[in-house]
Amino acid sequence: MSVRSPIDGGILAHLRPHSSEELSKAIARAHDAWQVWRTVPAPARGELVRLLGQELRAEKQALGQLISLEAGKITSEGLGEVQEMIDICDFAVGLSRQLYGLTIASERPGHRMLETWHPLGVVGVITAFNFPMAVWAWNTALALVCGDAVIWKPSEKTPLCALACQAVFERAMARYEAGPAHLSQVLIGGREAGELLVDDPRVALVSATGSTRMGREVGPRVARRFGRVLLELGGNNAVIVTPNADLDLAVRGIAFAAVGTAGQRCTSTRRLIVHRSVSEQLVERLKQVYGKLRIGNPLQEGTLLGPLVDRASFEAMQTALDAARAQGGRVSGGERVLEDEFASAYYVRPAIVEMDSQTDTVRQETFAPILYVLRYEDLSEALALQNDVPQGLSSAIFSNDLRETEEFLSVSGSDCGIANVNIGTSGAEIGGAFGGDKETGGGRESGSDAWRAYMRRATNTINYSRELPLAQGVKFDL
Ligand code: NAD
């Protein structure tokens, strides 16, 4: 397997993929590790994650640089991704003392009901190229405090990031001393390696991040063996801008969310739904900002827009732009740039495409910096457009009108897992549950009570009386 850098298309490394026998052995080792790890008290498991957070802090610069090299993110986004790993470790350490169950009122005298949460087993983590480290950390920090073992199948485009994280994990493990070996393992390979995790009944939870196409295959396969899935799939995220919005804020928020990571975030803004009265002004300002963006080597200071991940990604962008043109779209930008300097890499000017209606092309996720502009007259029309896509990940409204923002957040407002006011669609904090509905897959990771996906729940009824009353008044006199 050759690993290429999107910065210049150069080869970074050659790796040998793991065989299916190696993968099967790894799952067996993870299963053994889990059987020991689940008996370690959760706060003591938290100590391992605390050490992992320390090791990540110590290597923040190097890890961030590797993300830039292998995934093409600009320096500050690479460092931001490492910070996200550190943050989730901190969160998980606190969580290790808070894996709360409930006590529940029993209808029977002398009885007590409660629920307890137990470690689930082996967690298979399949990740996408665009967050080559953070998604592993979201899953692993929680899974470890929840008492599970993890096997990670990273994207075939970013295996070096995975090997680096594993090396950092091994350092934390060496300092921890007490835990079983093989709590976290990395498997190098493509889709076939992912499929082995998906089909193996020893893998209790498959947490898969990637395209909706991938989720459509993974979901039913895991369901067939009654395994659990956590799916984090594509998004088609919109920003609504209303007549009294702060346009300075809106321009900045939209530009970062639409162009950041070269439009290759699951939460990237792909659609702008703007009120007709401010649309000319806003689109003109966005075009000016787009015209001045510094595009180039993401490791160079001042660069705001790095490369697309590969040629296929560039071609998918051009196909979408051609289709949008055929559907009446007016395209500005979108062309390849810096071809002379980087003949084997794909840098593009981000595109703004003004559409008369929300066509099939607009309703698809194209993983590139394309911002479709749609205009509306009243908010109910904007909300209908916002929700009329198959995906349901992230959304935002820019407005200073309380009625508008509350309507957007209400039951009849945005149908996305993430709904923001006066900030863009991307750049979530780890404290909240992350994920979305519809074709985004329904999974929730990271903060809030996302930890529950990594544990199994048992409901316990305890009788401390000398009688044996049956629930619902049922009589069974012997
Ligand atoms: P991808 O679907 O091509 O690959 C993702 C991972 O799935 C890779 O590791 C790949 O090897 C594996 N895979 C592919 N087919 C598989 C199968 N049939 N069985 C098992 N594993 C399989 O996605 P990508 O191009 O790497 O990433 C971009 C996509 O990921 C976008 O759609 C983006 O929106 C999505 N994404 C979603 C989130 C989220 O949290 N919702 C986060 C990041 C990326």
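Heads up: numbering here begins at 1 and tracks the sequence. Both counts, for ligands and for their atoms, begin at 1 and track the order of listing. Keep in mind the model is a prediction, meaning the values are calculated, not measured.
When all heavy atoms of P369 and A262 are compared, the closest pair comes out as CD-O, 3.0 Å. The shortest non-hydrogen separation linking K157 to V3 is O-CG1, 4.1 Å. A pairwise comparison of heavy atoms in S394 and T425 identifies OG-O, 2.7 Å as the closest pair.
Heavy atoms of R221 found under 4.0 angstrom from ligand 1: none, in either backbone or side chain. Counting heavy atoms closer than 4.0 Å to ligand 1, residue P154 contributes backbone atoms (N, CA, C, O) but none from C-beta onward. Contacts of I126 with ligand 1, taken as heavy-atom pairs under 4.0 Å, involve the side chain alone. The proximity of E217 to ligand 1, defined as any non-hydrogen pair under 4.0 Å, is limited to the side chain.
A donor atom on one side chain and an acceptor atom on the other are not found under 3.5 Å apart for Q364 and D360. Checked by atom type, the side-chain pair E77/T261 shows a donor-acceptor distance below 3.5 Å.
The presence of a protein heavy atom under 4.0 Å from atom 11 (O) of ligand 1 is confirmed.
We find that R375 and E354 are joined by a salt bridge, their nearest charged nitrogen and carboxylate oxygen being less than 4.0 Å apart. A salt bridge is defined here as a Lys NZ or Arg NE, NH1 or NH2 lying under 4.0 Å from an Asp or Glu carboxylate O, and E156 with R191 fails to meet this definition. A salt bridge between D148 and R456 is absent, with no side-chain N of the basic residue lying under 4.0 Å from a carboxylate O of the acidic one. Ion pairing between a basic and an acidic side chain is recognised when a charged N comes within 4.0 Å of a carboxylate O; E217 and R221 show no such pairing. A salt bridge between K73 and E70 is absent, with no side-chain N of the basic residue lying under 4.0 Å from a carboxylate O of the acidic one. R271 and D388 are not joined by a salt bridge, as no carboxylate oxygen comes within less than 4.0 angstrom of a charged side-chain nitrogen.
Between E156 and ligand 1, at least one N/O pair is under 3.5 Å apart. The shortest N/O to N/O separation between T212 and ligand 1 does not fall below 3.5 Å. Considering backbone and side-chain N/O atoms, L233 comes within less than 3.5 Å of an N/O atom of ligand 1. By the 3.5 Å distance cut-off applied to N or O atoms, K157 is not counted among the residues near ligand 1. The distance criterion of under 3.5 Å between nitrogen or oxygen atoms is not met by N130 with respect to ligand 1.
Scanning the protein for heavy atoms near atom 36 (N) of ligand 1, the closest one is C266 CB, 3.6 Å. Residue, atom and distance of the protein heavy atom nearest to atom 2 (O) of ligand 1 are S211 OG, 2.6 Å. Of all protein heavy atoms, the one lying nearest to atom 26 (O) of ligand 1 is F129 N, 3.2 Å. Taking atom 40 (O) of ligand 1 as the reference point, the nearest protein heavy-atom neighbour is F434 CE2, 3.1 Å. Looking only at heavy atoms of the protein, atom 5 (C) of ligand 1 is closest to T209 O, 3.5 Å. In terms of protein heavy-atom proximity, atom 6 (C) of ligand 1 is nearest to T127 O, 3.3 Å.
Residue-ligand proximity, G194 to ligand 1, at heavy-atom distances under 4.0 Å covers atoms 20 (C), 21 (N). Those atoms of ligand 1 that come under 4.0 Å of a heavy atom in E195, given as number and element, are 18 (N), 19 (N), 20 (C). When each atom of ligand 1 is checked for a heavy atom of V218 under 4.0 Å away, the hits are 19 (N), 20 (C).
When the options T127, N139, T140 are evaluated for a side-chain hydrogen bond (donor to acceptor under 3.5 Å, both in side chains) with S207, the one that passes is N139.
When A128, S446, G210 are ranked by how near their heavy atoms come to atom 35 (C) of ligand 1, first place goes to G210. When W138, F367, F131 are ranked by how near their heavy atoms come to atom 31 (C) of ligand 1, first place goes to F367. For atom 32 (O) of ligand 1, the nearest non-hydrogen atom from the set E365, E445, E439 comes from E365. Looking at R216, R270, M214 and measuring to atom 13 (N) of ligand 1, the nearest heavy atom belongs to M214.
Look at R213 and you'll find a heavy atom under 4.0 Å from some atom of ligand 1.
A heavy-atom distance below 4.5 Å is not found between the side chains of E55 and E59. Side chains of R270 and I370 form no contact here, defined as non-hydrogen atoms less than 4.5 Å apart.
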